[in-house]
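Below: one structure, written as structure tokens.
In this text the structure is predicted, and so the values were computed from the model without any measurement.
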Amino acid sequence: MNIQWLKVVIAAFFEIGWVIGLKHADSFIEWTGTVIAIIISFYYMIMAGQKLPAGTVYAVFVGIGSAGTVLAGMIFFGESAGVAKLLLIGALLTGVIGLKMVTPDEEEAH
């Protein structure tokens, strides 16, 4: 994995944090952390989008962020974890991995 894809993954992990923060932040410090996570998340996504196809970057970013947010909700906040939900998260992640695999890295594209 090259550095641009690593930026997408970092952006997605910060996305998980700020999405959770939007729902659960109650104090000034928590809201500050949420805003910082938004800034870091979009910064890394934009930086990766300058070297990789923007549509693929966004799809991978949202896919990892969505799956991670749902899994975090199940693990940390007691949200339901049915078989169908887990299978659909697996399908989502399969699509994200597939998009990454068929998208050439910046060095291969030139």
Atom pair OG1 (T94) and CD1 (I89), whose distance is rounded to the nearest 0.5 Å: 11.5 Å

Do you know which two heavy atoms are closest between G63 and L92, and how far apart they sit? O-CD2, 3.6 Å

Atom CD1 of residue position I29 - does it have more than 12 heavy atoms of other residues, nucleotides or ligands inside 6.0 Å? no

Same apolar cluster: I75 and L22, side chain cutoff 4.5 Å: yes

Transitive ILVMFWY cluster of I97, excluding itself - 4.5 Å side-chain cut-off: M101

Taking the side chain as every heavy atom from C-beta outward, state whether M74 and L86 have any pair of such atoms under 4.5 Å apart. yes

Cluster link F42 to V57, ILVMFWY, side chain under 4.5 Å: yes

Members other than V83 in its cluster, when Ile, Leu, Val, Met, Phe, Trp, Tyr link by side-chain heavy atoms under 4.5 Å? L87

Heavy-atom pair of closest approach, residues Q4 and M47: OE1-O, 3.6 Å

Could you pull out all residues at least two apart from A25 that satisfy side-chain contact (heavy atoms from CB on, under 4.5 Å)? E30, W31, T34

Please answer: with hydrophobic residues joined when any side-chain heavy atoms are less than 4.5 Å apart, are V19 and F76 in the same cluster? yes

Would you say L71 and I20 are hydrophobically clustered, going by side-chain heavy atoms of ILVMFWY under 4.5 Å? no

So, using ring pair (Phe, Tyr, Trp, His ring centres under 6.0 Å) as the criterion, who are the partners of F77 when residues are at least two apart? H24

Do V9 and F61 have side chains that approach each other closer than 4.5 Å (heavy atoms only, starting at C-beta)? no

Could you tell me whether the side chain of S41 reaches within less than 4.5 Å of the side chain of F13, counting heavy atoms only? no

How close do L93 and A67 get, heavy atom to heavy atom, and via which atoms? CD2-CB, 3.7 Å

Taken in chain and number order and not counting sequence neighbours, the residues that satisfy side-chain contact (heavy atoms from CB on, under 4.5 Å) with A37 are F14, W18

Same apolar cluster: I36 and I46, side chain cutoff 4.5 Å: yes

Nearest 0.5 Å, what's the CE-CD distance between M45 and Q50? 11.5 Å

Please round to the nearest 0.5 Å and tell me the distance separating atom CG of N2 and atom NZ of K51. 10.5 Å

I'd like to check the side-chain contact (heavy atoms from CB on, under 4.5 Å) partners of V62; sequence neighbours left out, ordered by chain and number. Y58, S66

If you round to the nearest 0.5 Å, how far is CD1 of I16 from CD1 of I64? 8.0 Å

Side chains of V8 and Y44 in contact at under 4.5 Å (non-hydrogen atoms): no

